[in-house]
Amino acid sequence: MPDPNSPGAAPRVRFAPSPTGFLHVGSARTFIFNWLYARHNHGTMVLRLDDTDVERNTDASVQSIFEGLRWLGLDWDEEYKQSERLDLHRAAALQIQEKGLAYRDFTPAHAGDDNQSGAQGAWLCNPGMREMSREESDRRAAAGEPFALRYRVPRGLGRVLRFADSVYGEQTKLADEVEDFALLRSDGMPTYHLASCVDDADLRISHIIRGQDHLTNTFKHLLIFEALGAPAPQFAHLPLLVAPDGTKLSKRKHGPVVSVTTYRDAGFLPRAFINFLCLLGWSPKNDKEFMALDEIRDLFTLEGVNRANAVVNFTEADPFDAKAVWLNAEHIRALPVDELSRLLEPFFAEAGFNPKPGRVELVAPLIRERIKLLSEAVAAADFFFLDRLVPYDPAELIPQKGDAAMARRVIETAEQVLAATRFDHDSLDHALRSMATQLGLKAGQAFQPIRVAVCGRKNAPPLFETLVVLGRDVCLERIRQAEDKLKSLGASDASSH
RNA sequence: GUCCCCGUCGUCUAGCCCGGCCUAGGACACCGCCCUUUCACGGCGAUAACACGGGUUCAAAUCCCGUCGGGGACGCCA
């Protein structure tokens, strides 16, 4: 039997989510690190659904996990479901039991919930069950009494369990301190520990890369691999992703802000999201942060993984870490226009805009540097798609250090100019600057009324480009509407003079 | 409670293994200035950290011990 750990062999890694909720960012990061390790080393990426908890598994969750993974856009090579491999798990349990390494525990389920953990100290085993004779155990089992199968952890031998973690280094623990964990539940279903190890052995997983919350479980897993007669894989535990309150990120405590679909819906680019997650607990150690996926893959090593937990900075008011947002903006800016446009279209559609073909490509370059999330494009570019501008305060038309009369002069003159000028960037630039000079205004003063008239607000993309995309007809129409607004404003103004 | 892990700017981190190049580097955020037709982008700059206490050493963020702090595991959940 070839040893999967033999140096030089292509690694086989796995991501094994349990379908009990949406895919959360911590799981996503584990998936990403596994993928990176596999692809960096030309190995195999296995996706395995750890669905042995029939009580908590849901189809919706399975869908949601695949949805999240598909969005990330990272592939995998093999796919398995533990629920389809139960025979293998049970056979392994039997094999372990026959070797005398496990025993039946007839204690009713949940009987010891109160004292198995917490204030009383660690629970190790029920001696009555561990010590029960083979005869009595067989008799009670034959009589149909339900039982859980527990691993008979070596006790009193002073045995030391050890493994070298790729991230945390040499780890040791006294076997006497490990509790007799369950292998099979009383309903016959394998537990996570059993199923996971049996499958890891069967699928010849060479490297287990997972969250640090499994670090102490690893000693149990070592025992299972040993009982199975399988070589233990190489372990690499990842520092945990924690919330600003310092506790492990969880769906239950922290809600949808930790779901990857929340990031997707807000307009994160998968590449940016991956880039962000990579930087949480890993560093290329060359001060690079904004990286393309290929670059990250080439640079990725387990040696670069840190040991300290990383905080994902979010609040209720602001659900996204500022660095994630910045990286997203960087990736957006790096996107070619056609690709950006394609990604933007669903957001415009969602907002009820129905851009004509090719229109988004015209708009995208104007907002590319002005949005940090794809979803922001809707607010940033609405006036390009709306037939009627959303109502704005006519006072916005008044330029800095100016008055309504100045605004009126600008608008009226602009109408003439726009009607007579070719609608290309340079012509408009030239014409409108001359207009400003003629009116004795600074460019900024002259442009603001026009900008507000055509965009409906002060903050907008550069004026000339915007006018070109909007086209003469729309611009003139909006200029006239602004004129009307100004008239009503000007009337009251005049009376006060 | 028991066992395990961790502790550098607000946050992500480099440096730690192999002490001196560290008056601790980068990034985000924040603030200021510049650029500029608004907003943004970009450029420049400022503020900001070695948890604490002992030791070893000519020299410690780096090595050792302790303390404190945080986290994780301890389930017939995964």
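Below, all heavy atoms of this structure are taken into account, side chains as well, without hydrogens, waters or symmetry copies. In the text below, chain A, chain B and the rest are named by the order of the sequence lines, each starting its count at 1. What you see is a predicted model, and the numbers here were worked out from it, not measured in a lab.
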* Validation row, ring centre A/H331 to ring centre A/F268 under 6.0 Å -> no
* **Any A/R370 side-chain nitrogen or oxygen under 4.0 Å from OP1 or OP2 of B/C41** => no
* Touch class at under 4.0 angstrom, heavy-atom based, for A/S283 against every strand present -> sugar-phosphate
* Asked: If you look at every strand shown and take non-hydrogen atoms under 4.0 Å, does A/P244 touch a base, only sugar-phosphate, or nothing?
  -> nothing
* Which is true for A/H193 with a 4.0 Å heavy-atom rule: it touches a base, it touches only sugar-phosphate, or it touches nothing? -> base
* Asked: Does a side-chain N or O from A/N459 land closer than 4.0 Å to OP1 or OP2 of B/A40, or not?
  -> no
* Asked: Base, sugar-phosphate alone, or nothing: which one does A/N306 contact when heavy atoms must sit under 4.0 Å apart?
  -> sugar-phosphate
* To do: Would you indicate what A/A460 reaches in the nucleic acid, counting non-hydrogen atoms under 4.0 angstrom: base, sugar-phosphate, or nothing?
  => base
* **Short side-chain N/O contact from A/R210 to OP1 or OP2 of B/A78, under 4.0 Å** => no
* Asked: Ion pair present between A/R104 and A/E145, side-chain N to carboxylate O less than 4.0 angstrom?
  -> no
* Report yes if a side-chain nitrogen or oxygen of A/K248 is closer than 4.0 Å to either non-bridging phosphate oxygen (OP1 or OP2) of B/A73; otherwise report no. => yes
* To do: Classify the nucleic acid contact of A/E55 as base, sugar-phosphate or nothing, counting any heavy atom under 4.0 Å across all strands shown.
  => nothing
* Could you tell me whether A/L463 contacts a base, only the sugar-phosphate backbone, or nothing, with contacts defined as non-hydrogen atoms closer than 4.0 Å? => base
* Structure fact -> By nearest-heavy-atom nucleotide on RNA chain B, the more 5' of A/N313 and A/N217 is A/N313
* Kindly say whether, by distance alone, the side chain of A/Q212 makes a donor-acceptor pair under 3.5 Å with the base of B/G71? => no
* Structure fact -> In Watson-Crick or G-U wobble terms, with both distances under 3.5 Å, the base opposite B/U47 is none
* If each of A/A443 and A/W326 is mapped to the nucleotide of RNA chain B with the nearest heavy atom, which maps nearer the 5' terminus, i.e. the 5' end? -> A/W326
* Is any side-chain N or O of A/R333 closer than 4.0 Å to OP1 or OP2 of B/A40? -> no
* Asked: Does a side chain donor of either A/R150 or A/T191 reach within less than 3.5 Å of an acceptor in the other side chain?
  -> no
* Using a 4.0 Å heavy-atom cut-off across all strands, classify A/K285 as base, sugar-phosphate, or nothing. => sugar-phosphate
* Starting at atom CZ of A/F219, determine the distance to atom C1' of B/A73, rounded to an integer number of angstrom. => 11 Å
* Asked: With sugar-phosphate meaning primed atoms plus P, OP1 and OP2, does A/E330 contact a base, only sugar-phosphate, or nothing at under 4.0 Å between heavy atoms?
  -> sugar-phosphate
* To do: Would you classify A/G211 as touching base, sugar-phosphate or nothing, given that sugar-phosphate means primed atoms plus P, OP1 and OP2, and contacts are heavy atoms under 4.0 Å?
  => nothing
* To do: Taking the six-membered ring for Trp and the single ring otherwise, decide whether the centroids of A/H425 and A/F464 are under 6.0 Å apart.
  => yes
* Are A/D321 and A/K323 within salt-bridge range, i.e. N to O under 4.0 Å? -> no
* Do any side-chain nitrogens or oxygens of A/K458 fall under 4.0 Å of OP1 or OP2 in B/U37? -> no
* Asked: Heavy atoms under 4.0 Å, any strand shown: does A/L240 hit a base, just sugar-phosphate, or nothing?
  -> sugar-phosphate
* Asked: Closer than 4.0 Å, any side-chain N/O of A/T52 to the OP1 or OP2 of B/A78?
  -> yes
* To do: Assign A/F276 to base, sugar-phosphate, or nothing according to its heavy-atom contacts below 4.0 angstrom with the strands shown.
  => nothing
* Under 30°, 30 to 60°, or over 60°: which ring-plane class applies to A/F31 and A/F15, parallel, tilted or perpendicular? -> perpendicular
* **Separation of atom CE in A/M291 from atom C1' in B/C12, rounded to whole Å** => 12 Å
* Asked: C1' atom, B/C22 versus B/C28: distance in rounded Å?
  -> 23 Å
* To do: Please check the phosphate of B/U8 (OP1 and OP2 only) for any side-chain N or O of A/R307 closer than 4.0 Å.
  => no
* Asked: NA contact type, A/K442, heavy-atom cut-off 4.0 Å: base, sugar-phosphate, or nothing?
  -> nothing
* Asked: For B/C12, does OP1 or OP2 lie under 4.0 Å from any side-chain N or O of A/K323?
  -> no
* Side chain of A/R451 only, please: which of B/C12, B/U38, B/G7 is the nearest? => B/U38
* Taking 4.0 angstrom as the limit, do A/R155 and A/D180 come out as a salt bridge? -> yes
